[in-house]
Trainee: 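Shown below is the structure under consideration.
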Amino acid sequence: MLHITSEGFKIQDVSVNNLVHQFGTPLYVYDGKKIIEQLKKLQTAFAGCDVKVKFAAKALTNISILKLLKKNGSGIDVVSINEAKLALKVGFVPSEIMFTSNCIDLVEVSEGVQLGLNINLDNLSILEQYGKKYGNNYPCCLRLNPSILAGGNYKISTGHKLSKFGIPIEQLTQINELILRYKIDINGLHIHTGSEISDTEVFIKMATILFDWAKDFPHVKFLDFGGGFKVAYKAGDKETNVNEIGSHLEKLFEAFEKSTGRKLQMWIEPGKFLVSDAGSLLTKVNTVKKNPTITFVGVNTGLNHLIRPMMYDAYHEIVNVSNPEGNEHVYTIVGNICETDTLGSDRKLTEVREGDILVIKNAGAYGYSMASNYNSRFRPAEVLIYNGKAQLIRERDTLEDILRGQVEVEI
Ligand code: PLP
(Lines give C-alpha, C1' and ligand atoms only; values in the text may rest on other atoms or scores of the structure.)
Protein backbone atom coordinates (compact mmCIF):
# COMPACT_ATOMS: atom_id res chain seq x y z
CA MET A 1 0.00 0.00 0.00
CA LEU A 2 1.05 3.60 -0.58
CA HIS A 3 3.19 5.03 2.23
CA ILE A 4 5.76 7.76 2.62
CA THR A 5 9.35 7.04 3.58
CA SER A 6 12.47 9.20 3.82
CA GLU A 7 13.13 8.20 0.20
CA GLY A 8 9.69 9.30 -1.03
CA PHE A 9 6.45 7.41 -1.63
CA LYS A 10 6.52 3.65 -1.96
CA ILE A 11 4.10 0.81 -2.55
CA GLN A 12 5.36 -2.09 -0.44
CA ASP A 13 9.12 -1.51 -0.80
CA VAL A 14 9.03 -0.26 -4.36
CA SER A 15 9.39 3.44 -5.03
CA VAL A 16 6.52 5.03 -6.96
CA ASN A 17 9.05 6.98 -9.03
CA ASN A 18 10.72 3.73 -10.08
CA LEU A 19 7.36 2.21 -11.02
CA VAL A 20 6.57 5.23 -13.19
CA HIS A 21 10.03 5.19 -14.69
CA GLN A 22 9.87 1.47 -15.50
CA PHE A 23 6.25 1.06 -16.58
CA GLY A 24 4.95 4.54 -17.47
CA THR A 25 1.54 5.99 -16.68
CA PRO A 26 -1.37 5.58 -16.36
CA LEU A 27 -0.62 2.44 -14.40
CA TYR A 28 -2.55 0.14 -12.10
CA VAL A 29 -0.34 -1.21 -9.32
CA TYR A 30 -1.48 -4.00 -6.97
CA ASP A 31 0.09 -4.86 -3.64
CA GLY A 32 0.05 -8.68 -3.46
CA LYS A 33 0.93 -8.70 0.23
CA LYS A 34 -2.11 -6.58 1.07
CA ILE A 35 -4.41 -8.87 -0.94
CA ILE A 36 -3.16 -11.90 1.01
CA GLU A 37 -3.51 -10.01 4.31
CA GLN A 38 -7.16 -9.21 3.54
CA LEU A 39 -7.87 -12.81 2.57
CA LYS A 40 -6.34 -14.07 5.83
CA LYS A 41 -8.50 -11.57 7.79
CA LEU A 42 -11.65 -13.15 6.37
CA GLN A 43 -10.41 -16.73 6.70
CA THR A 44 -9.67 -16.01 10.37
CA ALA A 45 -12.86 -14.03 11.13
CA PHE A 46 -15.08 -16.82 9.81
CA ALA A 47 -12.94 -19.83 10.73
CA GLY A 48 -15.61 -21.01 13.19
CA CYS A 49 -18.19 -21.20 10.39
CA ASP A 50 -16.51 -23.67 8.00
CA VAL A 51 -16.04 -20.77 5.59
CA LYS A 52 -15.25 -20.96 1.88
CA VAL A 53 -14.07 -17.59 0.57
CA LYS A 54 -14.93 -17.13 -3.10
CA PHE A 55 -13.31 -14.03 -4.57
CA ALA A 56 -15.78 -12.05 -6.70
CA ALA A 57 -13.70 -12.15 -9.88
CA LYS A 58 -15.55 -9.25 -11.48
CA ALA A 59 -13.72 -6.88 -9.13
CA LEU A 60 -10.35 -7.66 -10.70
CA THR A 61 -10.01 -10.36 -13.32
CA ASN A 62 -6.31 -10.28 -14.08
CA ILE A 63 -5.24 -13.93 -14.14
CA SER A 64 -2.11 -13.30 -12.05
CA ILE A 65 -4.30 -11.87 -9.27
CA LEU A 66 -6.64 -14.86 -9.56
CA LYS A 67 -3.62 -17.15 -9.29
CA LEU A 68 -2.36 -15.33 -6.19
CA LEU A 69 -5.74 -15.72 -4.50
CA LYS A 70 -6.00 -19.39 -5.48
CA LYS A 71 -2.55 -20.08 -4.08
CA ASN A 72 -3.64 -18.61 -0.75
CA GLY A 73 -6.76 -20.71 -0.41
CA SER A 74 -9.50 -18.67 -2.06
CA GLY A 75 -12.23 -20.09 -4.24
CA ILE A 76 -13.94 -17.91 -6.82
CA ASP A 77 -17.30 -16.40 -7.75
CA VAL A 78 -17.91 -15.71 -11.43
CA VAL A 79 -20.73 -13.92 -13.25
CA SER A 80 -20.11 -15.02 -16.81
CA ILE A 81 -18.92 -18.14 -18.55
CA ASN A 82 -15.82 -16.24 -19.67
CA GLU A 83 -14.89 -15.40 -16.08
CA ALA A 84 -15.34 -19.12 -15.34
CA LYS A 85 -12.96 -19.97 -18.16
CA LEU A 86 -10.35 -17.56 -16.74
CA ALA A 87 -10.74 -19.24 -13.35
CA LEU A 88 -10.30 -22.70 -14.87
CA LYS A 89 -7.27 -21.46 -16.81
CA VAL A 90 -5.44 -20.57 -13.61
CA GLY A 91 -6.27 -23.86 -11.94
CA PHE A 92 -9.46 -23.40 -9.94
CA VAL A 93 -11.33 -26.69 -9.98
CA PRO A 94 -15.01 -26.52 -10.99
CA SER A 95 -16.24 -27.30 -7.47
CA GLU A 96 -14.48 -24.14 -6.20
CA ILE A 97 -16.28 -21.97 -8.74
CA MET A 98 -19.66 -20.39 -8.01
CA PHE A 99 -21.46 -19.22 -11.16
CA THR A 100 -23.79 -16.44 -10.00
CA SER A 101 -25.54 -15.31 -13.12
CA ASN A 102 -28.21 -12.71 -13.65
CA CYS A 103 -30.40 -12.23 -16.71
CA ILE A 104 -28.50 -14.81 -18.78
CA ASP A 105 -30.02 -17.51 -20.95
CA LEU A 106 -30.14 -21.27 -20.44
CA VAL A 107 -27.41 -21.79 -23.05
CA GLU A 108 -24.86 -20.01 -20.82
CA VAL A 109 -26.15 -21.73 -17.68
CA SER A 110 -25.80 -25.09 -19.46
CA GLU A 111 -22.20 -24.32 -20.35
CA GLY A 112 -21.64 -23.85 -16.63
CA VAL A 113 -23.22 -27.24 -15.97
CA GLN A 114 -21.03 -28.88 -18.61
CA LEU A 115 -17.95 -27.37 -16.96
CA GLY A 116 -19.10 -28.74 -13.59
CA LEU A 117 -19.53 -25.36 -11.85
CA ASN A 118 -21.80 -24.55 -8.92
CA ILE A 119 -24.89 -23.00 -10.43
CA ASN A 120 -26.73 -20.10 -8.80
CA LEU A 121 -30.07 -19.04 -10.36
CA ASP A 122 -31.80 -15.75 -9.80
CA ASN A 123 -35.22 -15.76 -11.43
CA LEU A 124 -38.25 -18.01 -11.72
CA SER A 125 -38.12 -18.27 -15.50
CA ILE A 126 -34.57 -19.63 -15.60
CA LEU A 127 -35.37 -21.92 -12.65
CA GLU A 128 -38.26 -23.41 -14.63
CA GLN A 129 -36.13 -23.85 -17.78
CA TYR A 130 -33.38 -25.39 -15.66
CA GLY A 131 -35.84 -27.74 -13.95
CA LYS A 132 -37.22 -28.90 -17.29
CA LYS A 133 -33.74 -29.61 -18.63
CA TYR A 134 -31.96 -31.04 -15.60
CA GLY A 135 -34.66 -32.19 -13.15
CA ASN A 136 -32.73 -33.57 -10.21
CA ASN A 137 -29.67 -34.48 -12.30
CA TYR A 138 -27.64 -31.38 -11.42
CA PRO A 139 -28.22 -29.36 -8.24
CA CYS A 140 -28.46 -25.59 -8.13
CA CYS A 141 -28.45 -22.77 -5.62
CA LEU A 142 -31.15 -20.09 -5.33
CA ARG A 143 -30.23 -16.42 -5.22
CA LEU A 144 -32.83 -14.70 -3.07
CA ASN A 145 -33.82 -11.06 -2.93
CA PRO A 146 -34.52 -10.44 0.77
CA SER A 147 -36.01 -6.92 0.46
CA ILE A 148 -33.20 -5.39 2.47
CA LEU A 149 -31.90 -1.96 1.53
CA ALA A 150 -28.22 -2.00 2.45
CA GLY A 151 -24.86 -0.76 1.28
CA GLY A 152 -23.08 2.44 0.32
CA ASN A 153 -25.84 3.93 -1.81
CA TYR A 154 -28.95 2.95 -3.77
CA LYS A 155 -27.01 2.21 -6.95
CA ILE A 156 -24.79 -0.41 -5.30
CA SER A 157 -27.57 -1.96 -3.25
CA THR A 158 -28.88 -5.17 -4.81
CA GLY A 159 -31.18 -6.75 -2.24
CA HIS A 160 -34.05 -4.27 -2.20
CA LYS A 161 -37.51 -4.60 -3.75
CA LEU A 162 -36.73 -2.56 -6.88
CA SER A 163 -33.46 -4.34 -7.63
CA LYS A 164 -33.23 -6.70 -10.61
CA PHE A 165 -31.21 -9.20 -8.59
CA GLY A 166 -32.44 -12.37 -6.92
CA ILE A 167 -35.78 -14.13 -6.59
CA PRO A 168 -37.99 -12.12 -4.22
CA ILE A 169 -38.53 -14.07 -1.00
CA GLU A 170 -42.25 -13.39 -1.42
CA GLN A 171 -42.16 -15.87 -4.33
CA LEU A 172 -41.53 -18.88 -2.10
CA THR A 173 -44.77 -20.57 -3.20
CA GLN A 174 -43.85 -20.34 -6.89
CA ILE A 175 -40.32 -21.59 -6.13
CA ASN A 176 -41.75 -24.58 -4.29
CA GLU A 177 -44.15 -25.36 -7.13
CA LEU A 178 -41.26 -25.47 -9.61
CA ILE A 179 -39.10 -27.57 -7.30
CA LEU A 180 -41.92 -30.09 -6.83
CA ARG A 181 -42.89 -30.18 -10.51
CA TYR A 182 -39.36 -30.75 -11.81
CA LYS A 183 -37.80 -32.35 -8.69
CA ILE A 184 -35.09 -29.68 -8.69
CA ASP A 185 -32.28 -30.39 -6.24
CA ILE A 186 -31.47 -27.21 -4.29
CA ASN A 187 -27.99 -27.43 -2.75
CA GLY A 188 -27.48 -23.84 -1.57
CA LEU A 189 -29.14 -20.54 -0.73
CA HIS A 190 -27.58 -17.20 -1.60
CA ILE A 191 -28.09 -13.54 -0.77
CA HIS A 192 -25.92 -10.63 -1.88
CA THR A 193 -27.45 -7.38 -0.67
CA GLY A 194 -24.94 -4.97 -2.19
CA SER A 195 -21.59 -3.35 -1.67
CA GLU A 196 -19.97 -1.41 1.18
CA ILE A 197 -22.08 -2.80 4.00
CA SER A 198 -20.60 -1.82 7.34
CA ASP A 199 -23.62 -2.69 9.47
CA THR A 200 -23.36 -6.06 11.24
CA GLU A 201 -27.15 -6.13 11.57
CA VAL A 202 -27.53 -6.53 7.79
CA PHE A 203 -25.57 -9.78 7.88
CA ILE A 204 -27.64 -11.00 10.85
CA LYS A 205 -30.87 -10.22 8.96
CA MET A 206 -29.56 -12.13 5.95
CA ALA A 207 -28.62 -15.04 8.20
CA THR A 208 -32.09 -15.13 9.74
CA ILE A 209 -33.67 -15.49 6.29
CA LEU A 210 -31.13 -18.02 5.03
CA PHE A 211 -31.37 -20.29 8.10
CA ASP A 212 -35.14 -20.05 8.07
CA TRP A 213 -35.30 -21.17 4.45
CA ALA A 214 -32.59 -23.82 4.92
CA LYS A 215 -34.86 -25.70 7.38
CA ASP A 216 -37.29 -26.40 4.53
CA PHE A 217 -34.64 -27.27 1.93
CA PRO A 218 -33.17 -30.54 3.23
CA HIS A 219 -30.44 -30.87 0.57
CA VAL A 220 -28.97 -27.42 1.16
CA LYS A 221 -25.29 -27.77 2.04
CA PHE A 222 -24.14 -24.15 2.02
CA LEU A 223 -25.42 -20.67 2.75
CA ASP A 224 -23.81 -17.98 0.62
CA PHE A 225 -23.75 -14.48 2.13
CA GLY A 226 -22.36 -12.81 -1.02
CA GLY A 227 -19.84 -9.98 -0.76
CA GLY A 228 -20.27 -6.38 0.29
CA PHE A 229 -17.71 -6.13 3.10
CA LYS A 230 -16.74 -2.49 3.31
CA VAL A 231 -13.23 -1.09 3.38
CA ALA A 232 -12.26 2.46 4.38
CA TYR A 233 -12.02 4.86 1.46
CA LYS A 234 -10.89 7.80 3.55
CA ALA A 235 -9.66 8.60 7.05
CA GLY A 236 -12.41 8.03 9.59
CA ASP A 237 -14.42 5.73 7.27
CA LYS A 238 -16.07 2.75 8.92
CA GLU A 239 -14.91 -0.70 7.84
CA THR A 240 -17.04 -3.83 8.21
CA ASN A 241 -16.24 -5.50 11.50
CA VAL A 242 -15.76 -8.99 10.08
CA ASN A 243 -14.71 -10.45 13.44
CA GLU A 244 -17.96 -9.32 15.03
CA ILE A 245 -20.01 -10.78 12.16
CA GLY A 246 -17.96 -13.98 12.35
CA SER A 247 -18.67 -14.53 16.02
CA HIS A 248 -22.43 -13.88 15.58
CA LEU A 249 -22.68 -16.20 12.60
CA GLU A 250 -20.63 -18.96 14.24
CA LYS A 251 -23.30 -19.18 16.95
CA LEU A 252 -26.11 -19.26 14.38
CA PHE A 253 -24.44 -22.06 12.38
CA GLU A 254 -23.95 -24.03 15.61
CA ALA A 255 -27.56 -23.51 16.67
CA PHE A 256 -28.77 -24.66 13.25
CA GLU A 257 -26.64 -27.79 13.47
CA LYS A 258 -27.93 -28.52 16.95
CA SER A 259 -31.57 -28.20 15.99
CA THR A 260 -31.43 -29.98 12.61
CA GLY A 261 -28.35 -32.23 12.76
CA ARG A 262 -27.13 -30.57 9.54
CA LYS A 263 -23.72 -28.89 9.39
CA LEU A 264 -23.78 -26.21 6.69
CA GLN A 265 -20.85 -24.49 5.04
CA MET A 266 -20.65 -20.71 4.91
CA TRP A 267 -19.71 -19.19 1.55
CA ILE A 268 -18.78 -15.55 1.03
CA GLU A 269 -17.95 -13.65 -2.16
CA PRO A 270 -15.81 -10.63 -1.29
CA GLY A 271 -14.57 -8.38 -4.07
CA LYS A 272 -13.65 -4.96 -2.68
CA PHE A 273 -12.53 -6.30 0.69
CA LEU A 274 -9.79 -8.33 -0.97
CA VAL A 275 -8.47 -6.04 -3.67
CA SER A 276 -9.72 -2.45 -3.32
CA ASP A 277 -7.12 -1.09 -0.91
CA ALA A 278 -4.37 -3.09 -2.56
CA GLY A 279 -4.77 -1.24 -5.85
CA SER A 280 -3.51 2.22 -6.85
CA LEU A 281 -3.90 4.06 -10.13
CA LEU A 282 -0.80 6.13 -10.96
CA THR A 283 -1.41 9.04 -13.27
CA LYS A 284 0.58 12.02 -14.62
CA VAL A 285 -0.63 15.60 -14.45
CA ASN A 286 -1.04 16.90 -18.00
CA THR A 287 -2.28 20.33 -17.19
CA VAL A 288 -3.07 22.70 -14.34
CA LYS A 289 -5.91 24.94 -15.47
CA LYS A 290 -6.50 27.96 -13.26
CA ASN A 291 -9.99 29.25 -14.02
CA PRO A 292 -11.35 32.26 -12.13
CA THR A 293 -13.30 30.17 -9.63
CA ILE A 294 -11.72 26.75 -9.73
CA THR A 295 -8.35 25.15 -10.39
CA PHE A 296 -8.55 21.99 -12.44
CA VAL A 297 -5.83 19.37 -12.49
CA GLY A 298 -6.11 17.45 -15.77
CA VAL A 299 -4.51 14.00 -15.65
CA ASN A 300 -3.69 11.32 -18.23
CA THR A 301 -6.45 8.98 -17.09
CA GLY A 302 -10.21 9.39 -16.72
CA LEU A 303 -13.52 7.58 -16.55
CA ASN A 304 -12.24 5.20 -19.21
CA HIS A 305 -9.90 3.76 -16.57
CA LEU A 306 -11.77 4.40 -13.33
CA ILE A 307 -15.47 4.90 -13.77
CA ARG A 308 -16.54 4.53 -10.13
CA PRO A 309 -16.45 8.24 -9.20
CA MET A 310 -18.86 9.02 -12.05
CA MET A 311 -20.94 5.85 -11.88
CA TYR A 312 -21.34 5.50 -8.12
CA ASP A 313 -20.20 8.88 -6.77
CA ALA A 314 -17.37 6.88 -5.25
CA TYR A 315 -14.72 8.73 -3.25
CA HIS A 316 -11.09 7.86 -4.02
CA GLU A 317 -8.36 9.59 -2.07
CA ILE A 318 -5.80 11.29 -4.33
CA VAL A 319 -2.19 12.03 -3.31
CA ASN A 320 0.42 14.12 -5.05
CA VAL A 321 3.49 11.90 -4.61
CA SER A 322 5.81 14.26 -6.50
CA ASN A 323 5.64 17.16 -4.07
CA PRO A 324 5.14 15.85 -0.53
CA GLU A 325 6.62 19.02 1.02
CA GLY A 326 4.53 21.48 -1.04
CA ASN A 327 1.90 23.83 0.38
CA GLU A 328 -1.65 22.59 0.22
CA HIS A 329 -4.16 24.02 -2.26
CA VAL A 330 -7.65 23.05 -3.32
CA TYR A 331 -8.02 21.35 -6.71
CA THR A 332 -10.60 19.51 -8.75
CA ILE A 333 -8.98 16.54 -10.43
CA VAL A 334 -10.42 15.67 -13.83
CA GLY A 335 -9.63 13.17 -16.56
CA ASN A 336 -8.64 13.66 -20.20
CA ILE A 337 -11.85 12.17 -21.58
CA CYS A 338 -14.31 14.19 -23.61
CA GLU A 339 -17.02 13.82 -20.97
CA THR A 340 -17.38 15.19 -17.49
CA ASP A 341 -15.02 12.84 -15.70
CA THR A 342 -14.30 14.31 -12.32
CA LEU A 343 -12.11 12.03 -10.26
CA GLY A 344 -12.17 14.22 -7.16
CA SER A 345 -13.77 17.62 -6.42
CA ASP A 346 -12.38 20.27 -4.11
CA ARG A 347 -9.47 18.19 -2.85
CA LYS A 348 -6.66 19.53 -0.73
CA LEU A 349 -3.41 18.41 -2.36
CA THR A 350 0.15 19.58 -1.93
CA GLU A 351 0.92 22.03 -4.75
CA VAL A 352 0.38 20.31 -8.09
CA ARG A 353 2.67 21.07 -11.04
CA GLU A 354 2.41 19.83 -14.59
CA GLY A 355 4.30 16.54 -14.85
CA ASP A 356 3.65 15.56 -11.21
CA ILE A 357 2.48 12.03 -10.42
CA LEU A 358 -0.80 11.57 -8.55
CA VAL A 359 -1.84 8.31 -6.95
CA ILE A 360 -5.54 7.47 -6.87
CA LYS A 361 -6.03 5.12 -3.96
CA ASN A 362 -8.41 2.19 -3.38
CA ALA A 363 -8.54 1.57 -7.09
CA GLY A 364 -8.01 -2.21 -7.08
CA ALA A 365 -11.68 -3.21 -7.23
CA TYR A 366 -13.85 -2.42 -10.25
CA GLY A 367 -11.08 -0.25 -11.66
CA TYR A 368 -9.31 -2.03 -14.49
CA SER A 369 -12.11 -4.59 -14.79
CA MET A 370 -14.52 -1.78 -15.77
CA ALA A 371 -11.99 0.02 -17.98
CA SER A 372 -12.69 0.71 -21.64
CA ASN A 373 -11.13 2.16 -24.78
CA TYR A 374 -13.55 5.11 -24.81
CA ASN A 375 -12.17 8.03 -26.84
CA SER A 376 -9.93 5.39 -28.46
CA ARG A 377 -7.53 5.69 -25.58
CA PHE A 378 -5.43 2.77 -24.43
CA ARG A 379 -6.29 0.89 -21.28
CA PRO A 380 -3.44 1.14 -18.74
CA ALA A 381 -0.82 -1.46 -17.94
CA GLU A 382 -1.10 -3.47 -14.70
CA VAL A 383 1.71 -4.33 -12.31
CA LEU A 384 1.72 -6.71 -9.35
CA ILE A 385 4.16 -6.26 -6.49
CA TYR A 386 4.71 -9.66 -4.97
CA ASN A 387 7.62 -10.93 -2.90
CA GLY A 388 9.13 -7.45 -3.15
CA LYS A 389 9.25 -7.53 -6.94
CA ALA A 390 7.21 -5.40 -9.33
CA GLN A 391 6.10 -7.43 -12.34
CA LEU A 392 4.08 -6.42 -15.36
CA ILE A 393 0.88 -8.49 -15.39
CA ARG A 394 -0.82 -6.76 -18.31
CA GLU A 395 0.66 -4.68 -21.09
CA ARG A 396 -0.71 -1.27 -21.94
CA ASP A 397 -2.97 -1.38 -25.00
CA THR A 398 -1.62 -0.48 -28.39
CA LEU A 399 -3.38 0.74 -31.52
CA GLU A 400 -3.61 -2.92 -32.63
CA ASP A 401 -5.84 -3.60 -29.59
CA ILE A 402 -8.19 -0.83 -30.65
CA LEU A 403 -8.27 -2.06 -34.25
CA ARG A 404 -8.55 -5.77 -33.35
CA GLY A 405 -11.81 -7.19 -34.62
CA GLN A 406 -12.73 -4.14 -36.68
CA VAL A 407 -13.54 -4.93 -40.28
CA GLU A 408 -12.80 -2.23 -42.82
CA VAL A 409 -15.20 -2.60 -45.73
CA GLU A 410 -15.08 -1.19 -49.24
CA ILE A 411 -16.89 2.19 -49.21
N1 PLP B 1 -21.25 -11.40 -5.15
C2 PLP B 1 -22.12 -10.89 -6.06
C3 PLP B 1 -23.20 -11.75 -6.54
C4 PLP B 1 -21.96 -9.59 -6.55
O5 PLP B 1 -22.81 -9.09 -7.45
C6 PLP B 1 -20.88 -8.79 -6.06
C7 PLP B 1 -20.68 -7.40 -6.52
O8 PLP B 1 -21.30 -6.85 -7.36
C9 PLP B 1 -20.00 -9.35 -5.12
C10 PLP B 1 -20.22 -10.65 -4.69
C11 PLP B 1 -18.83 -8.58 -4.57
O12 PLP B 1 -19.20 -7.43 -3.90
P13 PLP B 1 -18.11 -6.56 -3.15
O14 PLP B 1 -17.07 -6.20 -4.12
O15 PLP B 1 -18.84 -5.37 -2.64
O16 PLP B 1 -17.57 -7.40 -2.05
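Both counts, for ligands and for their atoms, begin at 1 and track the order of listing. Numbering of residues begins at 1 and proceeds along the displayed sequence.
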Trainee: Quick one: sort the Tyr331 and His329 rings into parallel, tilted or perpendicular, breaks at 30° and 60°.
Mentor: perpendicular

Trainee: Counting heavy atoms only, which of His192, Arg143, Met98 is nearest atom 12 (O) of ligand 1?
Mentor: His192

Trainee: Taking atom NZ of Lys33 as the centre, does the number of heavy atoms from other residues, nucleotides or ligands within less than 6.0 Å exceed 12?
Mentor: no

Trainee: Considering the heavy atoms of Lys272, write down every atom of ligand 1 situated less than 4.0 Å from one of them.
Mentor: 13 (P), 14 (O), 16 (O)

Trainee: Only heavy atoms of Thr100, strictly under 4.0 Å: list the atoms of ligand 1 that pass.
Mentor: 3 (C)

Trainee: Enumerate the atoms of ligand 1 whose separation from the nearest heavy atom of Gly271 is less than 4.0 angstrom.
Mentor: 11 (C), 13 (P), 14 (O), 16 (O)

Trainee: Parallel, tilted or perpendicular: which fits the ring planes of Phe253 and Phe225, with parallel below 30° and perpendicular above 60°?
Mentor: tilted

Trainee: Asp77 heavy atoms, cut-off 4.0 Å: which ligand 1 atoms fall inside?
Mentor: 1 (N)

Trainee: Please state whether the rings of Phe229 and Phe46 are parallel, tilted or perpendicular, taking 30° and 60° as the class boundaries.
Mentor: tilted

Trainee: Number the atoms of ligand 1 from 1 as they appear, then name those within less than 4.0 Å of a heavy atom of Pro270, with their elements.
Mentor: 16 (O)

Trainee: For ligand 1, note which part of Ala56 has a heavy atom under 4.0 Å away: side chain, backbone, both or neither.
Mentor: side chain

Trainee: Has Lys230 got any heavy atom lying under 4.0 angstrom from an atom of ligand 1?
Mentor: no

Trainee: Glu7 side chain to Ser15 main-chain N or O, any donor-acceptor pair under 3.5 Å?
Mentor: no

Trainee: For Ser280, check side-chain contact (heavy atoms from CB on, under 4.5 Å) against everything at least two apart and list the hits.
Mentor: Ile11, Leu282, Val359

Trainee: Can you say whether the rings of Trp213 and Phe217 are parallel (under 30°), tilted (30 to 60°) or perpendicular (over 60°)?
Mentor: parallel

Trainee: So for Ala59, does at least one of its heavy atoms come nearer than 4.0 angstrom to any atom of ligand 1?
Mentor: no

Trainee: Heavy atoms only, cut-off 4.0 Å: how does Phe273 contact ligand 1, side chain, backbone, both, or neither?
Mentor: neither

Trainee: Would you say ligand 1 has an N or O under 3.5 Å from any N or O of Gly228?
Mentor: yes

Trainee: Consider every N or O of Gly226 and every N or O of ligand 1, then say whether any pair is closer than 3.5 Å.
Mentor: no

Trainee: Taking only non-hydrogen atoms of Phe165, do any sit less than 4.0 angstrom from ligand 1?
Mentor: no

Trainee: Which atoms form the tightest heavy-atom contact between Ala57 and Glu83, and what is the distance?
Mentor: CB-OE1, 3.9 Å

Trainee: Which is it for Val79 and ligand 1 at heavy atoms under 4.0 Å: side chain, backbone, both or neither?
Mentor: neither

Trainee: Hey, is the main chain of Phe165 close enough, under 3.5 Å, to the side chain of Asn145 for a donor-acceptor pair?
Mentor: yes

Trainee: Quick one: salt bridge (charged side-chain N to carboxylate O under 4.0 Å, His left out) partners of Arg396, sequence neighbours excluded?
Mentor: none

Trainee: Nearest to atom 6 (C) of ligand 1 by heavy atom, His190, Glu269, Lys58: which?
Mentor: Lys58

